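This one's a predicted model, so the numbers in the text were calculated from it and none came from an experiment. A, B, ... follow the sequence lines: proteins, then strands. Residue 1 opens every chain.
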Amino acid sequence: VKLHELVLENFRQFAGVQRIAFATESQRNVTLVYGANGSGKTTLLNAFTWVLYEQLSPDFEQQGRLINDSIWAETPLGTEAGVKVTLHFEHNGEHYLLRRSARATRGTSDAQALGKTEVTLQVQNKAGASDQLEGANDRIDRILPRRLSSFFFFNGERMEHLVRREAYSEIEQAIKTLLGLEQVERAVKHLPQAQKKLEAELTKLGDPRIQELTEALNFERDKFKKADDDLKTAHDNLASAQDHKEAIDGNLRKLAATSELQRQRDDLEQRVRQSNERQNQAQQELRSILNDRGFLSFLTTLPHATLETAATLRAKGELPAPLKRQFVDDLLDHGQCICGTALVDGEEAHRHVSEWRRRAGLAEVEAMWGQVAAQAKGFLDDRATLATDLANLRGRVASEVATRKNLDDRLSAVSAQLSNLPLEDAQKLEARRNEWEQRIGQLQREIGRADLAKRDAEGQQQKLERELGREKLHDERAEVARRRVSVVRDVREALAKVLDIRTNTVRCELDERIRVAYKSITFKPYAPELNENFELELWQNVKGSRLTVPKSTGENQILSLSFVGALAGLARERAEGQHDGVANLPGSEGAIFPIVMDAAFGNLDDSYRRDIARSLPRLAPQVVVLVSKAQGEGPVAGEMASYCGREHVLTYFSTKEEDHDEQIELHGHLYPYVSTRTQSERAEILEVAQ
Amino acid sequence: MESDKEAVVRILRDLAADAQQVLKAVLHSETESLHRKTPSGVVDEIVDEVRRIVK
């Protein structure tokens with residue numbers, strides 16, 4: 001998708017018809033829009049999401065007042081006023097025109113009761129003919145999936161929410177959308193409902209036992225669903241509680257009186273995490289040893305008895321056997337003994353040699369005896385080391401338990417010191433932190449319980465489904481009904497596995513891309529990670545230990561931007577057909593997303609602004625950046641100069657009485673930036689001459 | 001070691017012929033209903049497809 005032009009008609013500050021054209025060249029792909037506070041930068045961002053998805057961001061105030069205030073005020077009572085946004089864009093070589101409009105009738109109150117929006121989508125083919133397309137919303141969703149839009153049309157100051165735990169489900173959904181796995185996910189959700197309907201048919205046709213089994217199955221399904229819902233709620237609540245706790249930690253780090261104690265706590269908590277990891281490692285080794293060699297502890301007499309038997313056989317001369325059976329068989333076959341005597345069936349010599357056949361040993365049996373004896377010896381040696389290994393591992397676990405006990409005591413001491421500081425703010429923060437910590441513990445226990453209940457219900461369901469499949473049926477129609485049920489179950493299980501595999505693989509792929517994107521933005525020695533819970537984290541290596549990096553606003557913004565860049569890259573690759581789709585499954589074709597970013601640089605310091613400004617042009621094929629004069633000056637203008645294809649100024653006309661007129665100088669020309677003492681609050685878009 | 005793509009192919013290949021047909025029909029219904037603002041009737045559509053395929 002390449003954005004060409006956005007046309008606003010009476011949309012909020014933008015009275016009348018106002019146009020903004022975007023840079024479309026690949027080498028000069030950045031459009032910079034300068035505007036003062038209130039000039040309509042956030043409105044522009046929302047104009048994109050409104051025309052595309054009829055969606056406005058939560059920070060867009062007074063969402064019911066879309067029609068320009070002056071126009072609305074001038075509208076006579078009982079007559080209509082309207083608002084319209086048109087977007088010209090290009091997709092797969094074709095030009096599209098998307099229009100969304102809404103109207104309201106002026107009543108006695110100021111409120112704008114906007115009616116249903118109207119949306120049209122026109123495509124202009126290469127020959128220049130224009131066609132109106134059916135199902136505009138549907139088509140837009142296929143071209144630029146709505147579920148991905150928040151990653152590409154966003155406010156820079158708020159994008160750092162991506163690094164909070166609460167965003168993990170949003171990220172997971174984005175990955176599924178990107179992969180075209182939404183339909184698989186929906187199928188996994190809908191198939192059990194279809195299965196239930198087919199089971200109802202089976203129940204009608206089958207005998208009482210079938211009815212009993214399907215009832216039990218439905219009971220287990222309800223249990224499973226409840227446990228699954230509980231688990232999701234608990235996970236969401238846990239993410240939120242952890243974010244709250246981290247926010248308090250951040251505040252304690254900032255306060256001069258508490259920063260040192262909080263630093264000590266950060267360090268102790270890091271050590272607790274490391275100790276937990278070491279204990280998990282030891283427990284994993286313990287499990288692995290018990291799986292592989294645990295049986296040896298039950299072999300008290302068998303290896304000895306085996307070795308003794310082998311020794312006895314050797315002592316008797318039976319091992320190795322004095323003669324091989326094959327050798328005797330060959331003599332009998334040839335009809336001649338090694339002494340030259342003819343061996344004729346029925347004669348004494350033949351009978352005598354045949355006797356030896358019975359006493360001769362089999363080569364395979366002998367070889368097997370050799371192996372058994374060696375293994376018995378091996379068992380004895382392994383048994384001796386098993387006890388030592390287990391004792392060592394149990395020692396490691398016990399040592400970590402003791403380490404943690406010590407760390408916990410020290411953490412309690414830090415908390416007590418913080419609670420006792422003669423500073424009301426610190427005491428309050430610590431008290432709230434303790435509450436969140438308790439809540440986190442409670443939620444972790446809830447997760448454990450719900451997880452157990454879910455697994456149990458799942459196991460029961462599988463057992464009952466198997467039983468249902470085995471039950472004898474005499475009615476042919478019942479047999480068909482049962483086959484339908486099992487086919488649906490098989491399909492559901494297969495798709496659930498596919499969903500897991502693909503989501504996880506792409507998570508790993510995105511993780512790698514985030515690392516690359518992060519390195520391209522900043523030289524800081526940190527490593528980002530998109531972990532198994534779809535949380536974005538930042539790590540550093542300190543003297544061989546892997547520690548999390550305390551999240552500053554700048555770091556969070558770079559991390560979030562790396563994620564957006566990685567997502568855009570993957571979407572682009574899929575759109576260009578370089579990426580393997582899910583074999584034999586229909587999926588989304590990916591999309592080439594532009595990035596539209598409001599307040600890209602917020603209050604970041606110069607070094608972060610420089611890093612972000614340098615990386616933005618490369619993150620997507622087309623970038624629109626909305627900045628204030630202060631945000632765009634200095635490093636931002638410098639880094640983006642060579643990529644900037646178009647620039648605009650949003651001139652803010654204010655009714656303020658004070659004389660605060662301001663201008664902005666761009667490429668040697670002055671443009672009005674703020675103009676006060678005007679008759680109405682409005683904004684105008686001016687294109688900068690380059 | 002089996003790659004992600006190979007695992008997906010194996011899972012799909014291991015399904016019985018009628019299950020493979022059902023899977024395609026289900027994904028087709030889901031894809032069709034995905035962009036509808038109020039996806040409805042997809043479960044009934046799936047049930048009908050299963051009845052049509054498994055006889």
Side-chain angles (χ1 to χ4, degrees), chain A residues 54 135 137-142 145-146 177 180 182-198 200-201 477 480-506 508-509 580-588, chain B:
Chain A
E54 200 183 339
N137 289 322
D138 175 0
R139 284 178 188 264
I140 289 296
D141 205 27
R142 284 172 198 251
R146 181 193 178 115
T177 306
E182 269 173 300
Q183 52 271 65
V184 180
E185 194 186 20
R186 286 160 57 103
V188 170
K189 193 174 130 202
H190 291 145
L191 280 165
Q193 295 170 39
Q195 190 176 335
K196 216 169 164 178
K197 287 196 169 198
L198 292 163
E201 285 176 14
R477 287 177 309 156
V480 172
R482 183 168 63 185
R483 267 183 34 231
R484 288 174 179 160
V485 169
S486 49
V487 161
V488 170
R489 189 198 56 221
D490 291 349
V491 171
R492 186 197 76 211
E493 285 174 1
L495 286 176
K497 281 183 201 159
V498 168
L499 190 63
D500 270 1
I501 292 172
R502 293 296 294 166
T503 308
N504 193 48
T505 310
V506 177
C508 296
E509 206 173 313
D580 287 340
V582 178
N584 303 327
L585 293 181
S588 92
Chain B
M1 199 179 147
E2 191 179 46
S3 73
D4 148 44
K5 199 174 171 184
E6 285 164 349
V8 172
V9 170
R10 178 181 50 73
I11 290 165
L12 300 177
R13 197 190 47 217
D14 287 352
L15 284 173
D18 50 4
Q20 288 188 16
Q21 278 189 59
V22 167
L23 184 137
K24 279 183 191 159
V26 167
L27 290 178
H28 179 75
S29 291
E30 293 292 359
T31 307
E32 285 295 303
S33 74
L34 185 62
H35 300 282
R36 285 181 216 151
K37 270 210 159 174
T38 50
S40 59
V42 67
V43 174
D44 288 333
E45 256 177 63
I46 293 173
V47 171
D48 288 345
E49 285 295 331
V50 176
R51 285 197 193 114
R52 185 181 62 78
I53 294 164
V54 185
K55 283 180 179 161

Is the closest side-chain heavy-atom distance between A:K197 and B:I46 below 4.5 Å? no
Counting heavy-atom pairs under 4.5 Å with chain A, which one of B:D14, B:D18, B:D44, B:V50 comes out on top? B:V50
State which residue, out of A:Q183, A:R186, A:H190, fulfils the side chain to side chain contact (heavy atoms under 4.5 Å, CB included) condition with B:S33. A:R186
What part of B:V26 lies closer than 4.5 angstrom to a heavy atom of chain A: side chain, backbone, both or neither? side chain
Mind checking the CG-OG1 spacing from B:D4 to A:T503? Nearest 0.5 Å is all I need. 10.0 Å
Distance check, rounded to the nearest 0.5 Å: A:I501 atom CD1 versus B:E6 atom CD? 11.0 Å
Does CZ belonging to A:R477 count more than 12 external heavy atoms closer than 6.0 Å? no
Applying side-chain contact (heavy atoms from CB on, under 4.5 Å) to B:Q20 and not counting sequence neighbours gives B:L15
Show me the donor-acceptor pairs within less than 3.5 Å that the side chains of residues 482-496 of chain A make with the rest of the protein, sequence neighbours left out.
unit_1, atom_1, unit_2, atom_2, d
A:R482, NH1, A:L468, O, 3.0
A:R482, NH1, A:G469, O, 3.3
A:R482, NH1, A:E471, O, 2.3
A:R482, NH2, A:E471, O, 3.3
A:R482, NH2, A:E479, OE1, 3.0
A:R483, NH2, B:K55, O, 3.2
A:R484, NE, B:V54, O, 2.8
A:R484, NH2, B:R51, O, 3.3
A:R484, NH2, B:V54, O, 3.0
A:S486, OG, A:R482, O, 3.2
A:S486, OG, A:R483, O, 3.1
A:R492, NH1, A:Q195, OE1, 2.8

